[in-house]
Amino acid sequence: MPELPEVEVTRRSVVKNITGARIESLRLGKPLRWPLGIDPLELAGQTVLGVRRRGKYLLVDLDDGLLLLHLGMSGSLAFWPTRTNPPPPPGPHDHFDLWTDRGLLRLHDPRRFGAAVWARHEQDPVAEKLLGHLGVEPLGPDFKPDAFHAGLKTRSAPIKQVLLAGELVVGVGNIYASETLFLAGIRPSTRAQKISRPRADRLFAAIIQVLNLAVEQGGSTLRNFSNAQGEAGHFQVHAHVYGRAGEPCRVCATPIRWLLQGQRSSYFCPKCQKP
DNA sequence: CTATGGACCTGAATGC
DNA sequence: TGCATTCAGGTCCATA
């Protein structure tokens, strides 16, 4: 479910509830992708200073250290203010329940590809391992067309896989990779280094446009997504190509094609998108 | 260093 | 209806 827009929407709905909250206890369910790295008892008494996002990671800043949360493929966060809306008991897929004096922050993740990891600082080796190699934030001030094009020039892999790798720019997942490449008129199989400056600029603009729109619309990754209040995304962004193999292109009516790249599905219009 | 495939895990959808 | 197979929004890691 979660690509950058969903994670950002989650962050926004969580941050206002939990900033300033005092941690009372932590209940863990089944193991997530990595061990937490701290005794849950040591978190009690700490205050949540804020929630930031880096790529698809959420960084929950505490008095002493931070929690790195990742939603993996199937994760979602929910917050229950204790008074107004008491939380149900944990279900079989609720693997991380952070109780605070303002309510419960719960990570629900059926597939358990997600993570909750504690790090002393952002420079802690544990955090560095997860965040250190990440590329620039596409919605931040450091995402610039010059550097983006220069980065593409250094990669011989297909552009779709360069986007997914997140080393040049973070946050573009499997759905939005296909969608941004459609808007830019570039086939997923095109080698990154072969993309001309004008086409790199189109892709650059498409990434910002698509991700921004999706954030504005409440994290509309085309399927079931709800924010931490349980409000559904708006689903107004309908896919141009993703998941539409065989169906007519919305622009030119040519059948959309499917392609497997690095074990992931890609979709493109053979007429609108050039090699 | 890059490129590739495998691994992690569960549930929903599809096919016989 | 039942059971097997396929696929799913991520990303780290071992291997070549």
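Throughout, a chain's letter reflects where its sequence line sits, starting with A, and its residues are numbered from 1.
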Subject >> Side-chain heavy-atom pair A/Thr100, A/Arg22 within 4.5 angstrom cut-off >> reply: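 Side-chain contact under 4.5 Å: no.
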
Original post:
Can you find a heavy atom in the side chain of A/Pro2 that is under 4.5 Å from one in the side chain of A/Lys56?
Top reply: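 The answer is no; the side chains never approach within 4.5 Å.
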
Phosphate contact ([N] OP1 or OP2) by [X] side-chain N/O below 4.0 Å:
| X | N | result |
| --- | --- | --- |
| A/Ser265 | C/dA8 | yes |
| A/His70 | C/dC12 | no |
| A/Arg155 | B/dT2 | no |
| A/His93 | B/dG11 | yes |
| A/Arg264 | C/dT11 | no |
| A/Lys56 | C/dG9 | no |
| A/Tyr57 | C/dC12 | yes |
| A/Gln263 | B/dG6 | yes |

**OP:** Indicate, yes or no, whether a donor-acceptor pair under 3.5 Å links the base of B/dC9 to the side chain of A/Arg112.
**Re:**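 No, the side chain and the base share no sub-3.5 Å donor-acceptor pair.
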
Out of [options], which has the shortest distance to the side chain of [X]?
| X | options | value |
| --- | --- | --- |
| A/Asn174 | C/dC12, B/dC8, C/dG9 | C/dG9 |
| A/Trp34 | B/dG11, B/dC8, C/dC12 | C/dC12 |
| A/His133 | C/dC12, C/dA8, B/dT4 | C/dC12 |

**OP:** Answer with base, sugar-phosphate or nothing: what part of the nucleic acid does A/Arg33 contact at a heavy-atom distance below 4.0 Å?
**Re:**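 Since a base atom lies under 4.0 Å of A/Arg33, the category is base.
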
**OP:** Rounded to whole angstrom, note down the P distance from C/dC7 over to B/dG5.
**Re:**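 Their P atoms lie roughly 16 Å apart.
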
**OP:** For C/dG9 and B/dA3, measure between their C1' atoms and round to the nearest Å.
**Re:**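 It works out to 24 Å between them.
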
Subject >> Check ion pair A/Arg54-A/Glu122 (N to O, under 4.0 angstrom) >> reply: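 A salt bridge is absent here (no side-chain N lies under 4.0 Å from a carboxylate O).
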
Original post:
Which sits closer to the 5' end of DNA chain C, A/Gly173 or A/Lys129, going by the nucleotide each is nearest to?
Top reply: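 The answer here is A/Gly173.
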
**OP:** Please confirm whether A/Tyr176 and A/Tyr242 have ring centers closer than 6.0 angstrom.
**Re:**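 No.
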
**OP:** Can you tell me the pairing partner of C/dG9 across any strand shown, Watson-Crick or G-U wobble, with both distances under 3.5 angstrom?
**Re:**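 No nucleotide pairs with C/dG9.
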
Original post:
Given that both distances must come in under 3.5 Å, which nucleotide forms a Watson-Crick or G-U wobble pair with C/dA4?
Top reply: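 Looking at the geometry, C/dA4 pairs with B/dT14.
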
**OP:** Look at the rings of A/Phe204 and A/Phe148 and say which category their plane angle falls in: under 30° parallel, 30 to 60° tilted, over 60° perpendicular.
**Re:**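 A/Phe204 vs A/Phe148 ring planes: tilted.
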
Subject >> Integer-rounded Å distance: B/dT4 C1' and A/Leu164 CG >> reply: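 The distance from CG of A/Leu164 to C1' of B/dT4 comes to 14 Å, rounded to the nearest Å.
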
**OP:** Please figure out whether A/Phe113 or A/Glu167 has its closest DNA chain B nucleotide nearer the 5' end.
**Re:**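 Final value for this comparison: A/Glu167.
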
